[in-house]
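Quick note on labels: first sequence line is chain A, next is B, and so on, each numbered from 1. Given the structure is predicted, the values throughout are model-derived calculations rather than measurements.
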Amino acid sequence: MAYQNNINPNLSEDDEEPLVFKRSAASKQNQSNTDTKKLSSQRYDGQPRRVSDVHSSNGVNSSVQKGKMAPSTKASPGKSPTAIPKELSEQNKAISIKEENIPIEHPAEDNSDSDDEKPINSRLKAKINNVKKEDSDDEDDKPLSTRVNKSNVGTSGCKPSDAKERKPLVQKNGSSTIDKGKSSSLVSGKRPLDKANHAEQSAIKKPKIADSSTSIKSKQVSAKTELKADDDDMTLSQRMKKATSANKSSLTKKTVTKVSSSSIQKKIQKGKKTDKFSKYSKSTRQGPSSNDGQKKWTTLEHNGVIFPPPYKPHGVKMLYNGKPVNLTPEQEEVATMYAVMIDTEYVQKKTFRDNFWNDWRKLLGKNHVIQKLDACDFKPIYDWYQKEKEKKKQMSTEEKKAVKEEKLKQEEKYMWAVVDGVKEKVGNFRVEPPGLFRGRGEHPKSGKLKRRISPSEVTINIGKDAEVPECPIPGERWKEVRHDNTVTWLAFWNDPINPKEFKYVFLAASSALKGQSDKEKYEKARKLKDYIGDIRAAYTRDFTSRDPAKRQIAVATYLIDKLALRAGNEKDDDEADTVGCCTLKVENVKAIPPNSLEFNFLGKDSIRYENTVEVEPAVYKEIKKFQEGKKDSDDLFDKLDTSKLNAHLKELMPGLTAKVFRTYNASITLDNELYQETAEGDVLKKKVFYDTANKKVAIICNHQRAVSKSHESQMDKLKEKLSDLQSVLKELKTDLDRARNGKPPLKDADGKQKRNLTPEALQKKIADANKKIDKLKLDMQTKDDMKTIALGTSKINYLDPRITVAWCKRHEVPIEKIFQKALLAKFAWAMDVDPDFRF
DNA sequence: TCGATCACTTAGAACTGTGCTG
DNA sequence: CAGCACAGTTCTAAGTGATCGA
């Protein structure tokens with residue numbers, strides 16, 4: 001089939017014909033390509049891109065929307081004796097999460113939603129077979145080993161082989177979607193108000209604004225308790241029901257944990273009746289749909305945030321016109337921020353320097369000796385800083401360890417939160433230290449001083465009954481304390497660079513709360529499979545609609561579907577000038593006859609997207625029309641913005657938005673790739689196979705990274721190594737010839753006589769050398785190919801981890817080879833997937 | 001209806017740790 | 001054992017999209 005591009009939207013499933021995706025230089029840089037490093041290379045050529053085949057099986061539609069309806073709530077810790085037994089699937093065990101003091105465990109994740117959607121049978125089966133039911137108790141009691149190790153990853157029998165069979169996957173999963181959802185009445189609103197019957201609650205959401213109600217220290221008594229209780233009950237029972245019915249039940253995967261932080265531990269204890277309970281409680285949390293409205297948690301405890309230490313002046317004097325200058329500590333602090341950056345690219349940019357100078361100058365005052373940046377020499381401070389760094393590096397291992405431990409001791413209490421009785425890691429508990437704003441690309445605010453944040457700017461969100469964290473800076477207090485359980489943040493402050501924006505403190509990715517939403521994200525993307533056929537048919541139809549707005553929506557949707565473009569919200573003038581689909585400018589797309597489009601624009605993070613792709617003739621024609629009579633800098637889609645686009649998408653599938661296509665595209669691509677014949681061989685080979693699939697996704701999503709500073713020199717080294725090997729080979733060949741003729745080998749480079757070897761021995765050496773050379777060449781190629789491709793982003797954000805876990809099980813690859821520790825924790829919810837899972 | 005606000009996900013760079021190599 | 005590449009983690013910027021409120 002010579003890839004013809006046509007991506008016919010309606011392609012039937014089997015059509016997965018790859019669209020030709022020609023990508024030329026994907027460069028990572030921003031506009032000015034001046035920067036050398038950035039110039040990118042060309043790789044990516046011609047990678048065919050497959051538009052996945054997705055067929056929609058007759059659309060079943062389940063309207064299941066993630067959880068909006070169920071009123072359930074979580075049980076409060078302590079109660080819930082019920083605790084649904086959790087089963088551990090064997091798979092779970094496969095993962096060896098070792099000790100780690102993290103608690104993981106997430107409550108029962110409900111797989112609910114999703115699980116529900118998935119074929120029950122299969123899950124059941126799997127569970128039945130593998131699962132071990134734990135009854136009771138706590139995991140503590142049970143040997144970790146059991147739960148964890150045993151990696152039998154593979155095993156499963158399912159042979160992937162028949163791809164054919166699997167293809168229908170969609171059906172499989174899809175159909176299974178069962179309608180449970182239908183019912184759900186729909187989705188409704190998530191407005192907080194709705195849900196809140198209680199006045200109290202209702203007040204909550206708005207608080208964003210001010211919420212006076214909560215003031216510090218108030219330990220309120222509140223009705224909350226009652227509330228809670230109710231909810232809890234409900235939940236439980238509900239959940240149980242559900243669990244039972246589904247049989248699949250529970251889920252919880254827990255990972256045990258050994259918690260260490262005493263303080264929290266104490267709290268836990270306090271809070272819950274017993275540890276056991278606490279564990280259990282987790283299992284009850286949030287039901288699938290539990291979001292009763294918007295409730296994200298019932299109890300929340302944490303210790304607030306930690307602030308960076310006050311500035312310690314170093315007294316090193318910078319020079320102005322060659323002479324040392326005295327600076328106050330405040331002035332010195334900011335000078336130091338700049339000084340340590342003088343060897344970065346930021347400082348090369350005028351905007352950065354101007355912004356810095358502007359802000360620093362305010363601190364210096366009008367009459368300061370320093371009157372212009374150009375005459376400043378920050379080198380002494382820079383040198384001092386380098387020396388400090390060196391000193392640190394030179395510390396003995398013990399010293400380093402001691403320092404680390406000290407730091408840990410100070411921070412430990414901030415590292416954890418207790419959410420509904422479960423200890424969870426906090427993500428960013430450190431308040432951002434002052435510094436110079438490092439905007440990406442040509443950000444107009446780059447270089448501005450990002451001031452220090454004080455506690456009086458920080459709002460804390462915590463459970464009503466929890467102790468309000470003490471403000472870590474004596475004499476100061478929090479700006480505000482809220483008790484808003486409709487949000488997941490633990491604290492926030494206004495971004496000093498952009499005061500209208502906020503910086504939030506959230507739980508870590510390994511938390512149940514995040515895990516749950518991650519899972520929902522993938523379930524939604526999976527659901528798109530069932531709709532994609534209709535959606536494609538619809539937009540294809542609309543390419544020729546009489547209504548221009550409709551045509552724009554159709555074309556935009558097509559691009560988002562086919563190219564996995566981002567939606568493209570409007571941006572302010574004080575942000576870098578980047579675009580997404582809806583904000584593409586005329587100049588960003590060039591029509592190349594007969595029906596190709598050449599895209600070239602700066603996307604998120606000012607990463608350049610360059611791609612030429614063949615499109616449907618109708619699309620080609622429309623794009624040309626949209627461009628007619630417009631200036632280069634005009635919007636290509638003038639009748640469109642993301643909210644209109646998303647509103648339209650929502651009509652096609654509940655909950656559908658533009659970003660879902662990216663997730664869908666990425667995951668289905670991985671799934672398809674991994675169902676191709678997997679290279680047999682050792683784990684390393686399999687990993688290469690996996691990475692290749694991952695790479696395809698990264699290319700589709702345009703995930704790039706800067707070429708490392710040392711790339712060139714590294715390549716040079718490899719080249720040298722290669723040529724050394726080649727000369728060795730040559731020598732060996734000569735020796736072989738001589739040996740065959742009964743002559744002794746030539747002397748080596750140092751003039752020494754080499755050992756006499758038999759032709760056989762030499763042949764073997766030659767074969768080895770050839771092998772080495774081939775491997776080296778391959779490594780070099782790979783290294784060069786990958787120098788601008790970032791695999792991590794898709795792994796973390798776009799690829800349904802169940803696809804990977806299932807593949808690992810099928811091919812007996814230990815999951816740790818693919819997911820590092822942090823990802824194992826983040827994806828704990830996906831570990832018990834069936835080996836034959838299809839996205 | 002629309003701009004502003006808020007919450008949360010996605011992103012690459014910077015930093016840190018670690019294991020290999022010579 | 002130092003110096004390195006590379007892997008993994010941390011940091012925080014930059015997106016998306018829902019909701020608010022006029």
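- At the phosphate of dA7(B), OP1 or OP2 sits under 4.0 Å from a side-chain N or O atom of Y504(A).
- Atom-to-atom, CG of N646(A) to P of dC2(B) comes out at 16 Å; the value is rounded to the nearest Å.
- Across the protein-nucleic acid pair, E501(A) atom CD and dT5(B) atom P stand 10 Å apart, rounded to whole Å.
- Checking I497(A) against T642(A), the closest nucleotide of DNA chain C that is more toward the 5' end is the one next to I497(A).
- Counting any heavy atom pair closer than 4.0 Å across all strands shown, G439(A) reaches sugar-phosphate atoms only and no base atom.
- A salt bridge links R430(A) with E411(A): at least one charged nitrogen is closer than 4.0 Å to a carboxylate oxygen.
- The nucleotide whose nearest atom lies closest to any side-chain atom of K821(A) is, among dT10(B), dT9(C), dA13(B), dT9(C).
- No N or O donor and acceptor, one from the side chain of R566(A) and one from the base of dG15(C), sit under 3.5 Å apart.
- Residues passing the salt bridge (charged side-chain N to carboxylate O under 4.0 Å, His left out) test with K503(A) are E432(A), sequence neighbours excluded.
- Between N428(A) atom CG and dT10(B) atom P there is a gap of 16 Å when expressed in whole angstrom units.
- Across the protein-nucleic acid pair, D343(A) atom CG and dC15(B) atom P stand 10 Å apart, rounded to whole Å.
- For the OP1/OP2 pair of dC6(B) and a distance below 4.0 Å, the side-chain nitrogens and oxygens of K500(A) include no atom meeting the criterion.
- Residues A576(A) and K783(A) each lie close to DNA chain C; by heavy-atom proximity, the contact nearer the 5' end of the strand is made by K783(A).
- When each of dG12(B), dT10(B), dA5(C) is scored by its nearest atom to the side-chain atoms of K521(A), the top-ranked nucleotide is dT10(B).
- For K503(A) and dA13(C), the shortest distance from a side-chain N or O to OP1 or OP2 is below 4.0 Å.
- Counting non-hydrogen atoms under 4.0 angstrom, K450(A) reaches the backbone sugars and phosphates but no base.
- Distance check, rounded to the nearest 0.5 Å: CG of L490(A) to CZ of F506(A) gives 8.5 Å.
- Rounded to whole Å, the distance from CG on N569(A) to C1' on dC8(B) is 13 Å.
- Of the candidate nucleotides dA18(C), dC4(C), dG12(B), dG12(B) has the atom lying nearest to any side-chain atom of I607(A).
- Ranking dT9(B), dA11(B), dA13(C) by closeness to the H703(A) side chain, first place goes to dA11(B).
- The distance between atom NZ of K604(A) and atom P of dA13(B), rounded to the nearest whole Å, is 13 Å.
- The side chain of K571(A) contributes an N or O atom lying less than 4.0 Å from OP1 or OP2 of dG15(C).
- Nucleotides of DNA chain B nearest to N494(A) and Y346(A) differ in position, and the one nearer the 5' end is that of N494(A).
- Aromatic ring centres of H302(A) and Y414(A): separated by at least 6.0 Å.
- For K659(A) and dT9(B), a side-chain-to-base donor-acceptor distance below 3.5 Å is absent, hydrogens and geometry of angles not being considered.
- A close approach under 4.0 Å does occur between a side-chain nitrogen or oxygen of S517(A) and OP1 or OP2 of dT9(B).
- Closest to the side chain of T657(A), from the set dG15(C), dC11(C), dG17(C), is dG17(C).
- The CD-C1' distance, from E432(A) to dA14(B), rounds to 14 Å in whole Å.
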